[in-house]
Every structure is written in C-alpha cells, then in structure tokens.
Amino acid sequence: MLSLTDDQPFSLDRTLTCGQVFRWHQVPDGGWRGIVGDRLIRIRQDGSRLTFSGAGKKFIKHYFSLDSDLPAIVASFDRDPFIHRSAEACHGLRLIRQPPWECLVSYICSTNSNIPMIRKRIEHIARAFGKPVEEKGITYFGFPKPPLLAGTCEDILTGCKMGYRGKYVKKTACDVGDTDDWAARIRSLPYEPARRELMKFSGVGPKAADCILLFAFQKYEAFPVDVWIRRIMRERYLPALVSNTPLSSNEYNAIRRFARDHFGEYCGYAQEYLYAAREEDP
DNA sequence: TCCCAGGAGGTAT
DNA sequence: ATACCTCATGGG
C-alpha cells in the first residue's frame with residue numbers, strides 16, 4: 001500500500017489510458033491488471049490510497065514515476081492557455097518508466113496503426129513467445145526477451161497480425177543481442193545522439209524513437225509527432241503549416257523544435273497531455 | 001468502397 | 001537531401 005499526498009497528484013486511470021502503455025486492462029471492480037516484463041501486477045486507486053500486488057513499493061513508485069515532482073514539471077511547460085487546459089483536463093497523469101525492450105517492440109508495432117491494433121499485436125507476441133504466468137488458474141504471458149523473438153524459423157511473427165512489421169521486430173531482436181547493453185548505451189547518451197542510435201534499429205523511425213526515448217528512457221525533450229499531435233500543433237500553435245500531405249521529415253523537425261522551444265525541457269510531458277486531451281477540446 | 005490509424009523502408013532522383 | 005511508392009491489418 002502507498003499513501004499519496006495532495007502535493008503530488010496521481011491519477012492511475014489517466015496514466016494507464018493515455019496511450020503510453022498497451023498491456024494494462026481495467027477489471028470490473030475498477031482496478032487494473034497489467035503485465036510488465038514477466039510480472040503480473042494488480043493495482044487500484046481509492047483516492048489517495050494505492051493498493052497493489054505482484055510488485056513491491058519500490059517498483060511501483062519507480063514504474064509510475066511517483067518520485068517525480070509532477071507539479072514542478074507541469075509548471076515548467078504551462079506556458080499558454082491551451083496547454084494549461086490540457087494539463088487541467090488530465091490532472092495526475094504521469095509518464096511511466098517502461099522496460100526498454102518491450103517499449104522498443106511496442107512502438108515498432110505501433111506504426112501506421114491504431115491503439116487497439118497495437119494492443120492486439122503485443123498480446124499475440126506475448127501469447128506466442130512469452131513466459132506463462134499463472135494466477136488463480138488463469139494463464140497470462142510475460143513479454144518475451146530478444147532471443148525468443150530472434151529465432152530463425154520463418155516469419156512466425158506475421159501470425160501475430162504484424163503485417164510488414166514482423167521482419168522489423170525479428171531483425172531488431174537479432175541486433176540487440178541477449179544483453180541489455182543496447183539500453184545502457186542509449187541511456188548514457190544525450191537526447192539527440194540517443195535518437196540517432198535508436199533509429200538504427202529496423203522499424204524505428206523518428207516517431208517511434210521519440211516515443212521510446214520518452215517512455216523508456218525519460219528523455220523528456222523528446223516530442224513524438226503523430227497525426228494527432230500534428231493536427232493539434234497546426235491548429236493551436238503553427239497555423240502556417242499546411243497539411244493533407246504526408247508528414248515530411250522537415251515538418252516533423254519543425255514541430256519538435258518549436259515544441260522544445262515553446263514548452264521547454266519537459267516538452268515530451270506536455271506532448272502526452274496534449275495527446276491524452278486530444279478528444280476533449282473542440 | 002474508400003479512408004484512416006501513435007510511420008518507416010526502399011528507390012530513384 | 002528530397003519526392004514518391006509500398007508495405008498488412010482492421011475499423012468506421
């Protein structure tokens with residue numbers, strides 16, 4: 001059990017529904033069940049009271065970034081009325097610290113897809129390759145480590161509704177090897193060179209790289225630009241941009257650099273509030 | 001039927 | 001560097 005304090009807001013629901021993670025499900029009593037690596041975690045929030053099983057306090061605090069000073073972060077990017085409203089609408093949303101490998105695969109799975117489809121793909125991969133985790137006679141599946149996805153037997157991944165992304169996951173699984181050295185290297189680098197390194201992996205372009213840097217490596221300068229964020233930025237901040245063309249690399253860079261200047265060093269946090277509030281504002 | 005979704009790789013200029 | 005083309009899949 002963890003007791004939250006008023007000066008450090010946290011909304012479990014907003015944190016888990018904003019689209020940053022894909023393996024959490026709400027259960028009928030209002031709590032949540034999720035799989036992180038090979039752990040099955042259950043957690044629920046009743047006001048300032050957070051109860052959970054499957055992981056210790058230390059893990060939960062770290063995973064949900066409960067040790068971050070959220071009001072200070074929000075204050076740092078609260079620089080105009082629109083982001084202010086988004087921040088109020090998603091009060092308590094925190095960026096999660098995801099395990100790098102499953103985050104990397106998740107965002108390779110994400111390209112040119114919608115969130116329900118991404119969730120299905122990841123579930124397929126876990127079911128096909130992951131370690132079984134039993135609870136009350138029900139079997140869940142952990143997320144498979146790289147060697148399990150690097151096997152040579154043909155494109156078994158395409159059976160996971162991966163489409164053309166199957167070969168990207170397989171190639172990346174081969175390239176990272178069987179240690180976490182790749183993640184340590186990325187972590188040790190500043191944002192821009194870390195981004196260039198990540199983009200060397202097959203299936204990782206600018207958008208996926210920025211998501212992975214933000215969600216797995218806490219590089220908060222990353223500002224992922226998808227079609228939603230592009231729309232919001234054009235409507236609210238950069239009206240000179242013309243759309244209805246594919247998002248070019250130049251335009252992507254223009255948007256993320258504007259965001260870095262306008263929102264500051266936590267622009268990635270601002271991005272998640274904009275994304276999470278995308279349906280709410282006319 | 002067409003269009004869209006948390007895009008990226010490949011190829012020809 | 002930049003412009004086009006293609007890549008599966010499911011839902012509206």
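Below, chain A is the first sequence line, B the second, and so on; all start at residue 1.
Each of A:Lys120 and A:Gly163 has a nearest nucleotide on DNA chain C; the 5'-most of these lies closest to A:Gly163.
For the pair A:Asp178 and A:Lys145, the salt-bridge criterion is not met [side-chain N within less than 4.0 Å of a carboxylate O].
Enclosure of atom CZ in A:Arg49 is not indicated, since only 12 or fewer non-hydrogen atoms of other residues, nucleotides or ligands lie within 6.0 angstrom.
Judged by the 6.0 Å and 45° rule, A:Arg85 forms no cation-pi pair with A:Phe82.
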What does the B/S/- profile of nucleotides 6-13 of chain B look like, 5' to 3', with a 4.0 Å heavy-atom cutoff to protein?
BBSS----
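For the P atoms, the distance from B:dC2 to C:dT6 is 16 Å, rounded to whole Å. Separating the P atom of C:dC5 from that of B:dG6 is a span of 25 Å, rounded to the nearest Å. Rounded to whole Å, the P atom of B:dT11 lies 15 Å from the corresponding atom of C:dA8.
For A:Arg231 and B:dA5, the shortest distance from a side-chain N or O to OP1 or OP2 is below 4.0 Å.
In this structure, A:Arg230 atom CZ and B:dC4 atom C1' are separated by 14 Å, rounded to whole Å.
Within the structure, salt bridge (charged side-chain N to carboxylate O under 4.0 Å, His left out) pairs that include any residue of residues 20-32 of chain A comprise A:Arg23-A:Glu123, A:Asp29-A:Arg44 (at least two apart or interchain).
Remark: the backbone N or O of A:Pro9 is paired with a side-chain donor or acceptor of A:Arg94 at under 3.5 angstrom. Here the side chain of A:Arg185 pairs no donor or acceptor atom with the backbone of A:Glu197 at under 3.5 angstrom.
Taking the six-membered ring where the residue is Trp, A:Trp24 and A:Tyr63 present tilted rings, their angle falling between 30° and 60°.
For the ring-ring contact (aromatic ring centres under 6.0 Å, His included) test with A:Phe77, the passing option among A:Tyr220, A:Tyr273, A:Tyr266 is A:Tyr273; the others fail.
When DNA chain C is scanned in the 5' to 3' direction for atoms under 4.0 Å from non-hydrogen atoms of chain A, the outermost contacting nucleotides are C:dT2 to C:dG11.
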